[in-house]
2 protein chains.
Amino acid sequence: MSPKKKHFGELIREKRTEKKLTLRKFADRVGLSPTYVSQIEQGNFAPPPADRIRKMAEVLEADADELIAAAGRMAEEVAGLIEKRPIEMASFLRHAKGLTPQQIEQLTKMAEDMSKKPKKD
Amino acid sequence: MSPKKKHFGELIREKRTEKKLTLRKFADRVGLSPTYVSQIEQGNFAPPPADRIRKMAEVLEADADELIAAAGRMAEEVAGLIEKRPIEMASFLRHAKGLTPQQIEQLTKMAEDMSKKPKKD
DNA sequence: TGTGGTGTGTAGTAAACACTGGACAGATGC
DNA sequence: GCATCTGTCCAGTGTTTACTACACACCACA
């Protein structure tokens, strides 16, 4: 249905070669072994935890969210954001689950406005 | 600062004794060993995964979200809700992070309305 | 022809997670 | 006195996670 969704490994391999980075160099800068990175790029190993992915994004000068999303690791990335109001956030997410990206963005703007002027003026 | 926040273990022990359930009976119905439950209630073991907690809530006829929140396990509970639009949801959560419960509830209502009539009428 | 640089396959590992079993001590009832 | 029910302590275990080391094969090019 969709245009052949590529997995996390393919994605970083692509970004890495674009940056003309060798696997060893890349692994070294991220702080991982070449073996591990190789296996991840091939899709044999699962993507690393979200914080490692952020480091990867930094080295590759890529968008961290895109990589984290491709890795299916967004939940752990946002864990810290919901822990202050977990119940209300859970309720929100259940209702917002089926919305389109545009609708979610609209809600994001509203949230932004709300935090600018906490009282209703 | 706050009124002596009680941890997950204390909470289920409270609910369990309210329901006049013995530790063994409770553990049995949830499908866990008494040892394990005992340690959790004392706070020696970490709370179990979110799905176990939901089972506990069911047995105790308690609110699952409250227990999951107390366990600090809400992230894994909502993981499935964000995986469809992870990037947009992450962006939302970053902006909504500091809001009050009332404000979040307001946004939840808006989300609810949006899913009722997806087109703007 | 060999030296250096590329990625890869196999095997293993340390630590964390999610538990369990069995022995036990203290109170309760007969 | 003893059986039974309560929760607890200690030690151990299987599984998963997040990796690593080493040996290897391939290619370039001097």
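Below, chain A is the first sequence line, B the second, and so on; all start at residue 1.
Remark: P of D:dT20 and CG of A:Asn44 are 16 Å apart, rounded to the nearest angstrom. Computed from coordinates, the B:Leu23 CG to D:dG7 P distance equals 5 Å when rounded to whole Å. Spacing between atom CD of B:Gln42 and atom P of C:dC19 amounts to 17 Å, rounded to whole angstrom units. Rounding to whole angstrom units, CZ of residue B:Arg13 and P of D:dT6 are separated by 13 Å. Note: NZ (A:Lys20) to P (C:dG7) measures 13 Å, nearest angstrom. When rounded to the nearest whole Å, the span between CZ of A:Phe45 and P of C:dT8 equals 12 Å.
Classified by interplanar angle (parallel below 30°, tilted 30° to 60°, perpendicular above 60°), the ring pair A:Tyr36/A:Phe45 is tilted.
Residues satisfying the side-chain hydrogen bond (donor to acceptor under 3.5 Å, both in side chains) test with A:Glu18, not counting sequence neighbours, are none. The side-chain hydrogen bond (donor to acceptor under 3.5 Å, both in side chains) test applied to A:Arg52 returns no partner, not counting sequence neighbours.
Residue pairs meeting the salt bridge (charged side-chain N to carboxylate O under 4.0 Å, His left out) criterion with at least one partner in residues 81-101 of chain B, sequence neighbours excluded, are A:Asp65-B:Arg94, A:Glu77-B:Arg94.
Of the side-chain N and O atoms in B:Thr22, none sit less than 4.0 angstrom from OP1 or OP2 of D:dC5. Phosphate proximity of D:dA18 to A:Arg73: present, with a side-chain N or O under 4.0 Å from OP1 or OP2.
Between B:Lys55 and B:Glu58 there is a salt bridge, since a side-chain N of the basic residue sits under 4.0 Å from a carboxylate O of the acidic one.
Contact check of residues 46-70 of chain A against DNA chain C (heavy atom, cut-off under 4.0 Å) returns no residues at all. Near DNA chain C, meaning a heavy atom under 4.0 Å away, the residues from residues 24-41 of chain A are A:Arg24, A:Thr35, A:Ser38, A:Gln39.
For the pair A:Leu11 and A:Glu66, the minimum side-chain heavy-atom distance is below 4.5 Å. Within the 4.5 Å cutoff, side-chain heavy atoms of B:Leu32 are placed close to those of B:Met56. Side chains of B:Ile68 and B:Glu76 form no contact here, defined as non-hydrogen atoms less than 4.5 Å apart. By the 4.5 Å heavy-atom criterion applied to side chains, A:Leu23 and A:Arg13 are counted as neighbours.
No donor-acceptor distance shorter than 3.5 angstrom exists from the side chain of A:Thr22 to the backbone of A:Lys25, with no hydrogens or angles considered.
In this structure, a donor-acceptor pair under 3.5 Å is absent between the side chains of B:Thr108 and B:Glu112.
Relative to the axis of its first five pairs, the axis of the last five pairs of the helix from C:dT1-D:dA30 to C:dC30-D:dG1 sits at 20°, rounded to 10 degrees.
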